[in-house]
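Inspection log for the structure reproduced underneath, given as structure tokens.
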Amino acid sequence: MTVLKPRTPPPADYYRNNFQAVIDFIQLHHRCALSAEDTRWIDAWSRCDTAAQRLLIRLLMRKGPWIRADKLVYAEIPNLHQAVNELKDEGLISVDEPAPADHLLDLFTLPELGASFPHTRRRFRPQGKAAWVNCLLSNYPEDVLRHRIQDHLHWLRVAGQESLARMQLLYFGSPSADLTAFVLRDLGMIRYEIYPVEESATVLVAPGVLDRYRELVVLEKWFDFLPVIDGLTKSLHARLVKPVTLRAAERRRSRLLNTLGLWHERREDVDRALACYACSSRHPARERQVRLLTRTHREFEAELLLEAMAARSWCVEEEIFAERFSKQRGLKQPDECLIRERPLFEPGPPPNPGAIEAHALAELETEGAWGLHLENVLPLMLTGLAFWDVIFGPAPGAFTHPFQSAPHDLWWDDFAKARAAPLQQARAAFASHRDPQSIIQARYLEKYGTACDLVNWRAIDPDQLARILKVMPTETLKRLVDVVIQAPGRCRTGFPDLFVAWPDGTCEFVEVKGPSDQLQPQQRAWLKRLGALAIPASVLKYRRRRETSCAT
DNA sequence: CAGCCAATCG
DNA sequence: TTCACACTATCTA
DNA sequence: GATAGTGTGTCTCGATTGGCTGTG
Ligand SMILES: [Mn+2]
Ligand SMILES: [Mn+2]
């Protein structure tokens, strides 16, 4: 594997080879997902010689698509002109292709504009770049402007940005990952776990799925224009109604449907909102439907949905909502755990995030406790370290490329089912281990820094972890990680703010609430879960008080 | 000239 | 970039 | 207390550069 140093040139073919590896992988596993245009593009790439390929990948890594021809400075390309011509002959770039004039004008610097358009400068004296572009656009027809621009600079357009985006989506399985993953790994900025990549893995199956996924990624941008483009909701809805088989794409589709539904709600268009939510497979679609149906006196339909939510919930928020909404509405709902109240005297902590938790911690510390404000970080890290080998162990479709910080299905509901046997074994082993703290401790030191979605290394340092493990009862540790590993996606959020250890050897988890804050559904779910596990958990609620006396 | 931001690179 | 969490405003019981 | 709407921090990999903008 290549080792890179920051600011020192990589091997001449480094970027090219990275890209070639992606292409090779896709041709091996995803040939049928590619469009005819993708295939043509890859064929053209393959026909180019190394120097041209080096240039093309450099251009593709830039933002583009319009690039100044005089801004190509690449040491690894010996004959730039030859490379440009070769790419041009293959149709992989174009030179001076008619482009929107405003994009081309953006390629000029301010002084260059003054020098290139002296007449405009003298006559209109435009101030600032935006004024310059406006001024030129309103005084010249676009093709005239383009000819004038061409007298002063030449520009390239890279073809294949869309194909590259599609290939990256196929390779990484997520729209945010790109070729910089190679660079970050080779620089040592991110250390990835070593795991076997499934050879026959197919992330995307049907040929149309990739196109659909890409469409959904691109579609998101249009939501910004909802207030200004008339009839946009209709075309967005039309592109969102049909479900997708690929889970990541389906998740995205449903998220967009929920956004669109909310937009309709705010415009009081209940029917359209309901139509959006009905197509969505993601929270809070069913909650919104229940609320809207109830509000419009369709209690029967609402009741059906509530039953479905209670029977097969999508997430814990749904569980809690179904539970609390069904009961006598308007009445005070039962609490999940002990709630302690404390006075908060003026002026109190500042409204900064984390201030109220720090205040609570300070109070508890004066009473002899030791604690940390860690929230979800703690149970997730403990679980990640306790079951590291299962998490990075084989499972169908879990690992498809070497840049993963978790199996693809870590947060999906069938995580446990997909690796049932090894998980059962690991759970039994951990549950019966005489000294499970030592496993966690050793794993922390062994894997420190290795990318893992469950483990935020910076949040807990070795000394803090050692102290946590020392004061946390073994049974608490065992029960905690056992419940998380069986459904990581349902345990990801809502864990109480504080881990608190008392001198008598007991410990508890404390959710701190300021005067204007209340429990969220996920937090209720965790408190309930902790209660069921007989792990001490409570809410510490601060109430504002005027008096300067009276401490409980 | 300071401050900021987007682009670029390894 | 999303997401998780908190804060604020307004209403009701 | 319930509900809705809004804000913020935290991830982003970090450093360098060139260019724009506003202030003096
Ligand atoms: Mn919190
Ligand atoms: Mn809290």
Side-chain angles (χ1 to χ4, degrees), chain A residues 2-11 14-15 18 57-64 67-68 71-76 106-113 127-133 174-191 217 220-221 251-252 255-256 259 262 265-266 283-284 287-288 291-292 294-295 315 317 321 324-325 327-335 339 349-357 373 375-377 380 405 411 451 453 456-459 492-497 511-523 526 541-542:
Chain A
T2 312
V3 174
L4 298 188
K5 287 179 68 175
R7 319 302 301 173
T8 60
Y14 175 74
Y15 297 115
N18 291 344
I57 189 56
R58 283 286 200 170
L59 297 179
L60 278 170
M61 290 193 307
R62 289 171 64 163
K63 186 174 172 257
I67 297 171
R68 271 174 74 147
K71 300 275 176 173
L72 310 177
V73 186
Y74 300 118
E76 77 273 21
D106 274 342
L107 300 177
F108 286 82
T109 67
L110 218 37
E112 284 171 341
L113 283 173
Q127 294 298 310
K129 192 148 190 188
W132 259 102
V133 173
S174 107
S176 56
D178 60 24
L179 290 169
T180 59
F182 288 84
V183 179
L184 296 180
R185 177 196 59 185
D186 297 338
L187 281 167
M189 318 269 328
I190 302 178
R191 196 163 71 247
V217 171
E220 189 161 13
K221 283 200 278 289
R251 187 180 147 83
R252 194 172 202 89
R255 201 189 74 218
L256 296 180
T259 315
L262 188 63
E265 269 196 76
R266 289 181 178 161
H283 187 72
E287 177 182 326
R288 296 316 309 165
R291 291 189 189 280
L292 288 176
T294 308
R295 197 185 304 162
C315 59
E317 287 94 323
F321 174 77
R324 295 174 71 88
F325 192 87
K327 301 260 173 65
Q328 306 97 322
R329 300 190 54 205
L331 292 182
K332 187 184 180 300
Q333 300 284 333
D335 295 313
I339 296 185
N352 306 335
I356 189 72
E357 291 88 348
H373 178 204
E375 293 185 346
N376 309 298
V377 164
L380 295 183
S405 46
W411 305 114
D453 282 356
N456 181 348
W457 298 105
R458 275 185 281 195
R492 194 175 35 153
T493 66
F495 197 79
D497 292 313
E511 171 56 41
V512 182
K513 285 296 169 200
S516 62
D517 195 8
Q518 55 183 321
L519 286 175
Q520 297 166 14
Q522 311 98 298
Q523 296 174 329
W526 250 122
K541 190 175 279 189
Y542 281 96

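Chain identifiers are assigned alphabetically (A, B, ...) following the order of the sequence lines, protein sequences preceding nucleic acid strands; residue numbering begins at 1 within each chain.
- Taking only side-chain atoms of A:T109, from C-beta outward, the nucleotide of D:dG5, D:dA15, D:dG19 with the closest atom is D:dG19.
- Within the 4.0 angstrom heavy-atom criterion, only backbone atoms of the sugar-phosphate kind lie near A:K541; the bases stay farther away.
- One finds a side-chain N or O of A:R62 lying less than 4.0 angstrom from the OP1 or OP2 phosphate oxygen of B:dT8.
- Atom CG of A:L179 and atom P of D:dC13 are 15 Å apart (whole Å).
- Taking atom CZ of A:R492 as the reference point, atom C1' of D:dC11 lies 14 Å away to the nearest angstrom.
- Rounded to a whole angstrom, the distance from the C1' atom of C:dT1 to that of D:dT16 is 23 Å.
- Contact annotation for A:E317: no contact, since no heavy-atom pair falls under 4.0 Å across all strands.
- When every heavy atom of A:P175 is checked against every heavy atom of A:V217, the shortest pair comes out as CB-CG2, 3.8 Å.
- Which of D:dA4, B:dG10, D:dG19 sits closest to the side chain of A:R291 comes down to D:dA4.
- Heavy atoms of A:N376 sit under 4.0 angstrom from primed sugar atoms or phosphate atoms, though from no base atom.
- Atom-to-atom, CD of A:Q523 to C1' of C:dA4 comes out at 9 Å; the value is rounded to the nearest Å.
- Salt-bridge formation is detected for the pair A:R68/A:E112: a Lys NZ or Arg NE/NH1/NH2 atom is positioned less than 4.0 Å from an Asp or Glu carboxylate oxygen.
- Taking the P atoms as reference points, D:dT6 lies 23 Å from D:dT10, given to the whole Å.
- For B:dG10, the OP1/OP2 oxygens have no side-chain nitrogen or oxygen of A:T8 closer than 4.0 Å.
- Among the protein residues, A:Q518 comes within range of the nucleic acid bases, having at least one heavy atom under 4.0 Å from a base atom.
- Across the protein-nucleic acid pair, A:M189 atom CE and D:dA15 atom P stand 8 Å apart, rounded to whole Å.
- One interatomic measurement links the two molecules: CH2 of A:W132 to P of D:dC20, which rounds to 12 Å at whole-angstrom precision.
- With contacts defined as side-chain heavy-atom distances shorter than 4.5 Å, the pair A:L380/A:N456 does not qualify.
- Note on A:R266: every side-chain N or O is 4.0 Å or more away from OP1 and OP2 of D:dA4.
- A donor atom on one side chain and an acceptor atom on the other are not found under 3.5 Å apart for A:T493 and A:N376.
- Distance from the side chain of A:L110 is smallest for D:dT21 among the nucleotides D:dT21, B:dG10, D:dG9.
- The partner of B:dA2 is D:dT21, by the rule that a Watson-Crick or G-U pair needs both atom distances under 3.5 Å.
- Residue A:Y15 has a polar side-chain atom (N or O) positioned under 4.0 Å from OP1 or OP2 of B:dG10.
- Atom-to-atom, CD1 of A:I356 to C1' of D:dT8 comes out at 17 Å; the value is rounded to the nearest Å.
- Note on A:S176: nothing from the nucleic acid sits closer than 4.0 angstrom, heavy atoms only.
- Among the nucleotides D:dC20, B:dC9, C:dC5, the one closest to the side chain of A:P111 is D:dC20.
- The nucleotide D:dG7 finds its pairing partner in C:dC5, both defining distances of the Watson-Crick or G-U wobble pair being shorter than 3.5 Å.
- A gap of 24 Å separates the C1' atoms of D:dT8 and B:dA6, to the nearest Å.
- A:R458 has a side-chain polar atom (N or O) that falls below the 4.0 Å cut-off from OP1 or OP2 of D:dT12.
- Of the candidates D:dT16, D:dT8, C:dA6, the closest approach to any side-chain atom of A:K513 belongs to C:dA6.
- As judged by a 4.0 angstrom heavy-atom cut-off over every strand, A:F182 is placed among residues making no nucleic acid contact.
- Between the P atom of D:dC13 and the CH2 atom of A:W457 lies a distance of 16 Å, rounded to the nearest Å.
- You'll find that the side chain of A:Y74 is closest to B:dC9, out of D:dG5, C:dC5, B:dC9.
- Nucleic acid contact class of A:G354 (heavy atoms, under 4.0 Å, all strands): none.
- Each of C:dC5, C:dA6, D:dG5 was ranked by its minimum atom distance to the side chain of A:E357; first place goes to C:dA6.
- Along DNA chain C, the nucleotide nearest to A:E220 and the one nearest to A:D517 differ in position, and the one closer to the 5' end is contacted by A:E220.
- Taking every side-chain heavy atom of A:Q522 into account, C:dC5 is the closest of D:dC13, C:dC5, D:dT3.
- Distance CD (A:E287) to C1' (D:dA4): 11 Å, rounded to an integer number of Å.
- Nearest-nucleotide positions on DNA chain B for A:R58 and A:K63 put A:K63 closer to the 5' end.
- Using a 4.0 Å heavy-atom cutoff across all strands shown, A:E511 reaches sugar-phosphate atoms only and no base atom.
- Nearest heavy-atom pair across A:W526 and A:P496 is CB-CD, 4.4 Å.
- OP1 and OP2 of D:dT3 both lie 4.0 Å or more from every side-chain N or O belonging to A:R295.
- The two residues A:E265 and A:L292 have their closest heavy-atom pair at OE1-CD2, 3.7 Å.
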Tell me, with the steps shown, if A:R58 and A:R62 meet side chain to side chain contact (heavy atoms under 4.5 Å, CB included). CA-CA 7 Å; A:R58 283 286 200 170; A:R62 289 171 64 163; 5.9 Å; no
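- At a threshold of 4.0 angstrom between heavy atoms, the contacts of A:N18 with the nucleic acid are absent.
- At the heavy-atom level, A:Q520 lies under 4.0 Å from base atoms of the strands shown.
- Side-chain atoms of A:D497 come within 3.5 Å of backbone atoms of A:V512 as a donor-acceptor pair (strictly under, hydrogens ignored).
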